[in-house]
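What follows is one structure encoded as structure tokens, with my remarks underneath.
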Amino acid sequence: MYDFNGKIVAVTGAAQGLGAAMALRFLQDGAEGVVLLDLKWEGLKATAARLDPAGTRTMAVLCNVADHQSVEEAFGLIIARFGRVDILINNAGITRDSMSHKMTVEQFDPVVQVSLNGAFYCVQQVISGMRERSWGRIISLSSLAAGGNIGQANYSAAKAGIIGLTKTLALELAPNNITVNCVAPGMINTDIIKSVPEKQMEVFLKSIPMHRVGEPEEVANLVAFLASDESAYITGQCIKITGGLR
């Protein structure tokens, strides 16, 4: 367990899966406030109510991270309630898979806009306050696919961009005691896994040295460490959590 007493955390893509698991971990570790942002309003409200029935430490905020104005408005609401954001988790992402020669602009652009542009838009909303307070944590979700993945030119490009963004921000913000890192999960047990055919899943599992998928809670554990004071000398890194896959 880590100590996030007095910290305000914002998690994008928090209606389900990894985002919900990370929000729960920060609540368990004593965060003063955890803001859940997502475009799926009903799911977002349900998750916030499940994690914090009293509603005293959570805030659900409707936000389309691909829309700069929506991000500005969302973070305006956060500041109005909590006054600041100490820890930002850029988790929002979508997939629109297709082979490159068939991929349309309508498939390529939204994936980059949500995963990469969205992360940058959110970062811009928090770094001034973090610099003023000389403390902050920015953690973004990349992917093992950043190294290239058939049928995912859009997703791979966006997740590789997250790594470059992370390393640049880390250099810029290190003098302000703000660490910036990213996490690159492999196959994790989220809703996406449920759509994979059983035979294909067997092949995937054989390729993983640990012969199992990871759990959202395991990703949340890593993110919590990177957000804690125990990781204060780690910045500009992309840490894989893949069960041994390279």
How about [X] and [Y]: do any of their side-chain heavy atoms sit closer than 4.5 Å?
X: Ile94; Y: Ser115; value: no
X: Val34; Y: Leu36; value: yes
X: Met22; Y: Leu27; value: no
X: Asp38; Y: Leu62; value: no
X: Thr242; Y: Ile208; value: no
X: Thr12; Y: Cys63; value: no
X: Asp191; Y: Gln16; value: yes
X: Ile139; Y: Asn90; value: no

Side-chain heavy atoms under 4.5 angstrom apart, residues restricted to Ile, Leu, Val, Met, Phe, Trp, Tyr: same cluster for [X] and [Y]?
X: Phe75; Y: Ile87; value: no
X: Phe204; Y: Leu245; value: yes
X: Ile89; Y: Trp135; value: yes
X: Val11; Y: Leu51; value: yes
X: Val71; Y: Ile8; value: yes

Working to the nearest 0.5 Å, report the span between [atom1] of [X] and [atom2] of [Y].
X: Leu173; Y: Thr235; atom1: CG; atom2: OG1; answer: 8.0 Å
X: Asp3; Y: Ser228; atom1: CG; atom2: OG; answer: 10.0 Å
X: Leu88; Y: Ile127; atom1: CG; atom2: CD1; answer: 10.5 Å
X: Asp97; Y: Ile150; atom1: CG; atom2: CD1; answer: 11.5 Å
X: Thr179; Y: Ile138; atom1: OG1; atom2: CD1; answer: 8.0 Å
X: Thr58; Y: Leu24; atom1: OG1; atom2: CG; answer: 11.5 Å

Looking at every heavy atom in both [X] and [Y], which two are closest together, and how far apart are they?
X: Ile162; Y: Ser142; answer: CG2-CB, 4.0 Å
X: Val183; Y: Pro185; answer: O-CD, 3.3 Å
X: Leu144; Y: Gly186; answer: CB-CA, 4.2 Å
X: Ile188; Y: Pro216; answer: CG2-N, 3.7 Å
X: His211; Y: Lys206; answer: CE1-O, 3.8 Å
X: Val61; Y: Ala74; answer: CG1-CB, 3.6 Å

* Scan Ile178, Asn177, Asn176, Asp86 and name whichever one has a side-chain contact (heavy atoms from CB on, under 4.5 Å) with Arg133. =>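 Testing each of Ile178, Asn177, Asn176, Asp86 against Arg133, the sole residue satisfying side-chain contact (heavy atoms from CB on, under 4.5 Å) is Asp86.
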* **Glu73 vs Leu77, side-chain contact (heavy atoms from CB on, under 4.5 Å): CA-CA, chis, key distance, verdict** => CA-CA 6 Å; Glu73 292 172 355; Leu77 293 173; 5.9 Å; no
Taking only Lys NZ, Arg NE, NH1 and NH2, and the carboxylate oxygens of Asp or Glu, determine whether [X] and [Y] approach each other closer than 4.0 Å.
X: Glu218; Y: Arg212; answer: yes
X: Arg84; Y: Glu32; answer: yes
X: Asp229; Y: Arg137; answer: yes

* Asked: So, Arg96 and Asn154: side-chain donor and acceptor under 3.5 Å apart, yes or no?
  -> no
* Flag for Asn64-Ser70: side-chain donor and acceptor within less than 3.5 Å -> no
Looking at [X], I want to see if its [atom1] is surrounded by more than 12 non-hydrogen atoms of other residues, nucleotides or ligands under 6.0 Å.
X: Gln200; atom1: CD; answer: yes
X: Arg131; atom1: CZ; answer: no
X: Met201; atom1: CE; answer: yes

* Set of residues satisfying ring-ring contact (aromatic ring centres under 6.0 Å, His included) with respect to Tyr121, sequence neighbours excluded -> His68
* **Residue of the set Phe225, Tyr2, Phe4 for which ring pair (Phe, Tyr, Trp, His ring centres under 6.0 Å) holds with Phe26** => Phe4
Return yes if some donor-acceptor pair links the side-chain N/O of [X] with the main-chain N/O of [Y] below 3.5 Å, else return no.
X: Asp29; Y: Met1; answer: no
X: Lys40; Y: Ala15; answer: no
X: Asp52; Y: Thr56; answer: yes
X: Asn181; Y: Ile234; answer: yes

* Structure fact -> Residue set satisfying side-chain contact (heavy atoms from CB on, under 4.5 Å) with Tyr155, at least two apart, ordered chain then number -> Thr95, Val111, Ser143, Ala145, Gln152, Lys159
